[in-house]
J.: 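Here it is, the structure in full.
Every chain is numbered from 1, with letters handed out A, B, ... down the list of sequences. For the numbers below, each heavy atom of this structure counts, side chains included, while hydrogens, waters and symmetry mates do not.
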There are 2 protein chains.
Amino acid sequence: MDAAIHLAGRLEPRDAWRADRCAMARTLDVVRTKSAMLVLREAFYGATRFDDFVARTEASEPVVAGRLRELVAAGLLEHVDYRNPGERTRKGYRLTDKGADLFPVLAALMQWGDRWLGDQSSGVRLEHHGCGEPVAVTLRCAAGHGVTSGEVDLAIDRSSPRSPYAAR
Amino acid sequence: MDAAIHLAGRLEPRDAWRADRCAMARTLDVVRTKSAMLVLREAFYGATRFDDFVARTEASEPVVAGRLRELVAAGLLEHVDYRNPGERTRKGYRLTDKGADLFPVLAALMQWGDRWLGDQSSGVRLEHHGCGEPVAVTLRCAAGHGVTSGEVDLAIDRSSPRSPYAAR
DNA sequence: CGGCATCCTTAGGGATACTG
DNA sequence: CAGTATCCCTAAGGATGCCG
């Protein structure tokens with residue numbers, strides 16, 4: 001409840017936020033649509049082929065084709081041709097490091113949904129490989145402390161031009 | 001790169017994914033638009049008043065009004081009337097616990113943008129209150145281990161009806 | 001199999017003007 | 001200050017059919 005209070009404790013609004021510099025907004029410009037998220041979800045779940053993406057995301061072919069093209073162009077997916085023994089060569093898509101690094105975003109969305117929209121279980125759980133314990137998205141500082149949302153401060157880089165929130 | 005491989009190691013696609021049960025997809029239905037994310041960002045940054053949301057998100061008034069209404073209806077924001085000493089009463093919005101718990105999602109988006117779209121610094125950094133060290137979004141299992149994306153297994157709840165990915 | 005072309009509908013969002 | 005009302009444009013996405 002006081003998450004915002006803590007976060008904003010030292011800040012005073014002055015200029016309008018520079019949307020073009022906000023990392024979150026720019027990330028949303030890369031994966032702005034729900035269908036892009038669903039395609040990425042299926043890439044994480046192991047889909048590689050066009051038809052699998054279509055079937056699993058339950059989106060239409062033109063939409064999936066568009067997302068795949070955009071995600072490849074953005075460098076989140078890459079083409080791979082592969083062949084199962086005895087079968088013909090197939091075209092596929094695979095997460096790049098850049099795409100794979102989006103996993104915490106997907107995991108955080110998943111976790112929030114399971115926690116707050118829990119009228120029905122999603123039926124999927126993330127586990128630590130080998131250990132078997134459930135995996136959660138957490139905040140942690142460089143000193144190794146677990147951090148709650150209420151313990152986060154917003155630090156503004158004053159050297160950057162037109163700092164969005166100048167201290168009073 | 002092998003994030004998907006690890007994640008999908010034990011899985012075989014069979015049925016189409018049940019979109020209505022996926023926690024991630026349902027979360028995206030609550031905060032599907034970029035403007036909703038921007039409004040939430042500003043709520044975390046301390047905005048409370050309508051005009052502040054409009055100015056800081058750089059969205060139009062009708063859009064902000066719509067998002068605020070929807071986010072209140074969804075239980076992520078709540079109305080608060082407050083009064084600064086000597087001023088008149090103002091109407092405001094505040095994050096609920098449900099809304100505040102979305103912070104890891106926003107933080108993860110921010111972190112990815114700073115890491116992969118880093119042509120220009122966002123000028124904002126998250127710090128651990130008191131400690132001062134930068135805060136990161138991490139994966140961690142219940143046993144306390146740090147977990148990388150490649151070490152995540154997907155566990156399917158077989159008891160649920162029409163499990164989306166049945167093991168072979 | 002792995003798409004693209006076309007057409008259509010709905011959702012998201014800006015601009016402007018107005019109101020309690 | 002805190003919004004609504006109206007109008008209009010663009011983006012997202014489904015359905016269908018075709019194609020190398």
Side-chain angles (χ1 to χ4, degrees), chain A residues 13 16-17 19-20 22 24-26 28-43 47-74 77-84 86-94, chain B residues 13 16-17 19-20 22 25-43 47-74 77-84 86-94:
Chain A
W17 180 262
D20 56 318
C22 171
M24 195 200 72
R26 291 191 296 147
L28 289 174
D29 284 336
V30 176
V31 287
R32 78 154 53 255
T33 65
K34 187 179 171 181
S35 54
M37 289 292 202
L38 298 183
V39 166
L40 287 171
R41 180 193 70 190
E42 292 309 325
T48 56
R49 283 162 39 211
F50 180 81
D51 283 6
D52 284 341
F53 283 107
V54 172
R56 295 191 192 179
T57 61
E58 294 185 321
S60 65
E61 289 166 357
V63 166
V64 171
R67 289 314 143 261
L68 289 172
R69 203 182 326 109
E70 293 164 10
L71 291 171
V72 168
L77 296 179
E78 61 187 359
H79 289 281
V80 277
D81 286 356
Y82 64 100
R83 170 180 6 203
N84 290 335
E87 298 180 10
R88 65 178 183 73
T89 301
R90 293 166 184 274
K91 300 192 168 191
Y93 298 86
R94 184 174 55 181
Chain B
W17 179 265
D20 57 317
C22 171
R26 290 191 296 146
T27 300
L28 288 174
D29 284 336
V30 176
V31 287
R32 76 153 56 255
T33 65
K34 187 179 171 184
S35 55
M37 289 290 201
L38 298 184
V39 165
L40 288 171
R41 180 194 68 188
E42 292 309 326
T48 56
R49 284 161 38 210
F50 180 80
D51 283 8
D52 284 341
F53 283 108
V54 172
R56 295 191 190 179
T57 60
E58 295 185 320
S60 66
E61 290 166 356
V63 167
V64 171
R67 287 317 143 256
L68 288 172
R69 206 181 324 110
E70 292 164 12
L71 290 170
V72 168
L77 296 179
E78 61 187 359
H79 289 280
V80 276
D81 286 356
Y82 64 98
R83 170 179 6 201
N84 290 336
E87 298 179 11
R88 64 178 185 72
T89 303
R90 295 164 182 275
K91 299 193 168 190
Y93 298 86
R94 184 173 56 181

J.: Mind listing the closest non-hydrogen atom pair of B:Arg41 and B:Thr57 along with its distance?
T.: NH2-CA, 4.3 Å
J.: Take the protein atom CG of B:Asp29 and the nucleotide atom P of C:dG12, then report the distance between them rounded to whole Å.
T.: 10 Å
J.: Rounding to an integer number of Å, can you tell me how far B:Met37 CE sits from C:dG13 P?
T.: 12 Å
J.: C:dG3 P sits how many Å from A:Asp52 CG, rounded?
T.: 12 Å
J.: A:Asp51 has an atom CG; how far is it from atom C1' of C:dG3, in whole Å?
T.: 9 Å
J.: When every nucleotide of nucleotides 11-20 of chain D is labelled 5' to 3' by its protein contacts under 4.0 Å (heavy atoms), B for base, S for sugar-phosphate only, - for none, what sequence of letters results?
T.: -SSBBBB---
J.: Please step through salt bridge (charged side-chain N to carboxylate O under 4.0 Å, His left out) for the pair A:Asp29 and A:Arg26, ending with a clear verdict.
T.: CA-CA 5 Å; A:Asp29 284 336; A:Arg26 291 191 296 147; over 6 Å; no
J.: Check ring-ring contact (aromatic ring centres under 6.0 Å, His included) between A:Phe53 and all other residues, then give those that pass, not counting sequence neighbours.
T.: none
J.: Can you see if the side chain of B:Arg49 gets near the phosphate of D:dA2 - specifically, an N or O under 4.0 Å from OP1 or OP2?
T.: yes
J.: What I'd like to find out is whether the side chain of B:Thr48 reaches to under 4.5 Å of the side chain of B:Val80, using heavy atoms alone.
T.: no
J.: Name the nucleic acid region contacted by A:Tyr93, choosing base, sugar-phosphate or nothing; use a 4.0 angstrom heavy-atom cut-off, strictly under.
T.: sugar-phosphate
J.: How long is the line joining CG of B:Leu77 and P of D:dG3, in whole Å?
T.: 12 Å
J.: Below 4.5 Å, heavy atoms only, C-beta onward: do A:Arg49 and A:Tyr82 meet side chain to side chain?
T.: yes
J.: Is any side-chain heavy atom of B:Val64 closer than 4.5 Å to a side-chain heavy atom of B:Leu38?
T.: no
J.: What nucleotide among C:dC1, C:dG3, D:dA2 has an atom nearest to a side-chain atom of A:Arg90?
T.: C:dC1
J.: Taking the side chain as every heavy atom from C-beta outward, state whether A:Tyr93 and A:Glu78 have any pair of such atoms under 4.5 Å apart.
T.: no
J.: Send over the distance from A:Phe50 CZ to C:dG3 C1', rounded to a whole Å.
T.: 5 Å
J.: To the nearest angstrom, how far is B:Arg69 atom CZ from D:dT4 atom C1'?
T.: 9 Å
J.: Would you mind reading off the distance between A:Leu28 atom CG and C:dG13 atom P, rounded to a whole angstrom?
T.: 11 Å
